[in-house]
Amino acid sequence: MSDLVQLTKDNDIAIITVNNPPVNALSPGVPEGISEAIEQIDKDPTVKAAVLMGAGKTFVAGADIKEFGKITSGKTERGIAFVPLLKRIEDCSKPVVMAIHGTAFGGGLELAMAGHYRVAAPTAQVGQPEVKLGIIPGAAGTQRLPRLAGVAKAVEMCADGNPIKAKEALSLGIVDKLIDGDLLTGAVAFAREVAGKPARKTRERNEKLGTPEQNAAIFAAARDAARKKARGLMAPLAAIDAVEAATKLPFDQGVEAERKLFTECLFSDQSKAMIHVFFGEREVAKVPDVPKETPIIPVNSAAVIGAGTMGGGIAMVFANAGIPVLLREADQAALDRGLNTIRKNYDNSVKKGRFTQQYMDERMALIKPTLSYDGFESVDMVVEAVFEGMALKKQVFGDLDKICKKGAILASNTSTLSIDEIASATSRPGSVIGTHFFSPANVMRLLEIVRGKATSKEVIATCMQLSKKLGKVGVLVGNCRGFVGNRMFGPYRREAQFLVEEGAGIEAVDKAMYDFGMAMGPLAVGDLAGLDVGWRIRKEFKHLEKPGVRQPLAEDRLCEMGRYGQKTGAGWYKYDENRRAILDPVVEENIRKWAAEAGVKQHAILKEEIVDRLIYALVNEGARILAEGFALRAVDIDIIYLTGYGFPAHRGGPMWYADTVGLKKVYDRISEFHKQHGELWEPAPLLKRLAEEGKSFAGFIKEPSAAA
Ligand code: 3H9
């Protein structure tokens with residue numbers, strides 16, 4: 001038998017244990033091992049029933065996702081023959097009890113559903129998360145789940161991909177019994193109870209498949225929801241089609257329909273991109289020169305300085321993770337305003353049913369407002385979130401240096417300023433790091449962790465690990481202006497302005513990016529974030545502008561008119577009382593005028609050009625960042641854009657997208673823009689080199705010696 005599957009016995013009950021750490025995925029060897037075990041159980045007259053479970057922390061968490069890439073790239077001929085295996089389990093002459101703990105996800109749930117019974121630990125979860133990888137269940141999950149849970153729930157689980165807890169699984173009929181205490185003992189006892197009794201095969205249970213009339217409404221509503229919630233994604237719609245097939249076709253034909261849809265999704269660019277994202281989110285946690293064994297500084301208490309939008313949100317992040325947090329402001333009025341906003345945010349979540357009142361009260365109790373530094377001497381970590389100005393930040397860090405205990409982490413939430421310069425205000429630059437949260441901090445998943453020249457490995461390792469505890473995706477970046485995300489966002493938003501000034505149309509620019517899959521268009525984002533932010537920065541850095549190089553003019557002029565965006569009720573768009581954006585003829589007229597004054601000729605611009613100019617502006621700057629070592633890998637840039645900037649997961653991130661298009665093609669297009677629009681479009685040397693060598697960003701690794 002394969003090393004990955006063990007067969008043992010507890011008197012008359014056989015126990016099959018899948019042992020493939022870390023998550024017992026169905027890697028090559030696992031299905032074969034299970035199959036062999038079933039054959040032996042069938043033949044062994046002393047066995048009356050069987051239990052199948054996972055070793056370690058979980059039941060089977062799904063197919064081995066690494067295998068998918070090998071299949072689509074033709075590196076393996078091996079298809080995934082789970083379907084016959086699952087039928088074989090169902091056809092076993094002895095009842096098979098699936099004992100679930102941890103996460104029975106994807107192929108894991110499909111395996112569990114092929115058992116005659118399922119028992120589960122109360123903490124277990126089950127789900128069909130395949131759509132999150134751009135695929136659908138491919139081992140009859142869309143056929144067996146509606147037979148156990150009913151059509152409506154099966155559609156929801158397969159199309160949304162969200163897991164459910166054991167208790168709900170029990171009430172739906174996916175699980176037959178919850179086992180308190182030792183799962184194996186309980187499962188063996190359960191197996192003994194059902195041994196010798198007739199057991200039903202899930203594939204023959206049709207009573208929950210509904211009527212055509214009931215089902216039509218379910219599928220129509222599910223398709224509507226999928227088109228809205230999962231804009232541009234093919235997998236959720238395919239999953240719904242597959243469940244529909246379960247209600248219309250006999251089991252085997254339903255499985256065949258599922259197989260076709262699964263294969264289409266698996267070979268699509270969308271699933272390749274989303275699998276890249278799955279592994280990317282885990283890859284970014286790995287920092288080559290900060291090994292896993294690096295000591296971690298325990299963070300059991302924290303303090304935040306500044307109770308504005310960012311500071312308040314960051315305090316909520318700590319409180320939500322159960323970490324008590326001091327929240328300091330300079331004056332009472334600002335502190336009250338900050339606390340009120342926090343309370344309002346929690347209240348809204350309670351109203352929407354996301355949190356209970358008790359949860360809110362507990363979180364609020366963890367946030368201790370203060371006007372002084374009292375208590376700062378004992379906290380493990382401080383996050384500074386004061387106004388974005390170097391002098392003020394240095395003063396705060398000078399204070400912290402005097403007050404905080406040795407070893408405390410001193411973090412700045414700066415989005416643009418140099419961590420090294422901030423650290424120079426302290427006697428302990430090794431303890432200083434950037435933790436750049438994204439607004440709203442309690443919602444956005446991205447946390448850029450900015451490494452200064454002197455930041456210690458312990459501090460980096462702690463912040464990387466802490467980001468997970470805080471519910472964030474921490475990505476380590478180097479200390480350059482704007483770090484990674486905002487440095488790339490600059491050229492992107494600049495190009496959006498150029499396009500409008502050249503006549504592309506405000507709505508056309510935003511719509512092109514929305515249709516590409518971005519959460520919002522670049523101009524609408526500007527209005528949301530506040531146009532005055534960029535205006536202020538541009539004024540501060542005016543001296544760095546090269547004479548003769550074209551600069552965008554529309555946003556500065558809009559600001560001069562007092563149009564700062566949503567906060568003033570007008571920016572690129574004007575806003576009604578419900579904050580709905582409405583095109584404003586005054587702006588369109590002014591842009592024509594300003595363009596004429598600046599000698600910019602307006603003309604029609606195709607959607608394709610809008611997309612290329614905006615996305616390639618990101619890619620070109622991303623290539624520079626990569627070459628300079630401010631991002632560790634191309635995938636780090638992708639994850640930053642996916643978790644912090646609304647880039648669509650099914651495009652895999654800007655660098656992955658460029659790889660998908662082909663770097664030669666991207667380089668050629670950027671070279672055209674360079675000829676047409678001048679030096680701002682000079683192709684990044686790394687892009688040029690990789691394009692000429694026929695390589696991709698994904699394969700690029702920077703020499704360690706030059707890393708930031
Ligand atoms: C599927 O089943 C299709 C079927 O319909 C059959 C079709 C024929 N494969 O997340 P973690 C790795 S599709 C390979 O940090 P956690 C992961 O990369 C699949 N590797 O742990 C990481 O590696 P490393 C459906 C996997 O405790 C390590 O395990 N299933 C897989 O925070 C630890 O992972 C899913 O989509 C895998 N399936 O969370 C479930 N899963 O240490 C995907 C994990 O080298 N997985 N790895 O970076 C998850 O949601 C989470 O990993 C899980 C554990 C909740 C299980």
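For ligands, and for the atoms within them, numbers begin at 1 and follow the listed sequence. Along the sequence shown, residues are numbered consecutively beginning with 1. It should be emphasised that the depicted structure is a prediction, and the values quoted were computed from it without experimental measurement.
Taking CG from L626 and CG from L632, the interatomic distance works out to 9.5 Å, rounded to the nearest 0.5 Å. Taking NE2 from H101 and OG1 from T58, the interatomic distance works out to 6.0 Å, rounded to the nearest 0.5 Å.
Backbone and side-chain nitrogen or oxygen atoms of A63 are examined, and one is located within less than 3.5 angstrom of a nitrogen or oxygen of ligand 1. Inclusion of V23 in the set of residues having an N or O under 3.5 Å from an N or O of ligand 1 is not warranted. When only interatomic distances are considered, the shortest N/O to N/O separation between A61 and ligand 1 falls below 3.5 Å. In terms of N/O distances under 3.5 Å, ligand 1 is approached by G107.
The closest non-hydrogen atom to atom 12 (C) of ligand 1, taken over A104, P22, A139, comes from P22. In this structure, of E110, R282, E67, the residue bringing a heavy atom nearest to atom 10 (O) of ligand 1 is R282. The option from G106, P163, P21 that lies nearest to atom 25 (C) of ligand 1, judged by heavy atoms, is G106. Closest heavy-atom approach to atom 5 (O) of ligand 1 within the set E281, K286, E130: this belongs to E130. Heavy-atom proximity to atom 46 (N) of ligand 1, evaluated over F82, F105, F262, F278, is greatest for F278. With I275, I65, V131, T142 as candidates, the residue nearest to atom 37 (C) of ligand 1 on a non-hydrogen basis is I65.
At a heavy-atom distance under 4.0 Å, only side-chain atoms of K468, from C-beta outward, approach ligand 1. Contacts of K57 with ligand 1, taken as heavy-atom pairs under 4.0 Å, involve the side chain alone. Residue contacts with ligand 1 for K132 are absent, since no atom lies close enough (heavy atoms, distance under 4.0 Å). Neither the backbone nor the side chain of F59 has any atom closer than 4.0 Å to an atom of ligand 1 (non-hydrogen atoms only). Contacts of E283 with ligand 1, taken as heavy-atom pairs under 4.0 Å, are absent altogether. Heavy atoms of L133 found under 4.0 angstrom from ligand 1 belong exclusively to the side chain.
Taking the six-membered ring for Trp and thresholds of 30 and 60 degrees, F438 and H436 have ring planes inclined between 30 and 60 degrees apart. The aromatic rings of W656 and H276 sit parallel to each other, their planes meeting at less than 30°, with 60° as the upper class boundary.
When each atom of ligand 1 is checked for a heavy atom of P137 under 4.0 Å away, the hits are 5 (O). Listed by number with element, the atoms of ligand 1 under 4.0 angstrom from any heavy atom of T103 are 56 (C). Less than 4.0 angstrom separates some heavy atom of F279 from each of these atoms of ligand 1: 18 (O). Close approach of ligand 1 to D64 (heavy-atom distance below 4.0 Å) involves ligand atoms 9 (N), 14 (C).
Side chains of R363 and N320: a donor-acceptor N/O pair is absent below 3.5 angstrom, by distance only. Side-chain contact check for K132 and N162: at least one donor-acceptor pair (N or O, by modelled atom type) lies under 3.5 Å. In this model, a donor atom of one side chain and an acceptor atom of the other lie less than 3.5 Å apart for S27 and N20.
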Practice problem: Take K272 and D659 through the test salt bridge (Lys or Arg N to Asp or Glu O under 4.0 Å) and record every step on the way to the result. | Solution: CA-CA 12 Å; K272 288 175 198 152; D659 280 348; over 6 Å; no
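More than 12 heavy atoms of other residues, nucleotides or ligands sit less than 6.0 Å from atom NZ of K208.
At least one donor-acceptor pair closer than 3.5 Å links the side chain of E258 to the backbone N or O of A140. At least one donor-acceptor pair under 3.5 Å links the side chain of D380 to the backbone N or O of S301. Listed for the N215 side chain is no donor-acceptor partner under 3.5 Å among the backbone atoms of V151.
Taking 4.0 Å as the cut-off, G141 does not count as a neighbour of ligand 1 on heavy-atom distance.
Counting heavy atoms from C-beta on, the side chains of L148 and R118 come closer than 4.5 Å.
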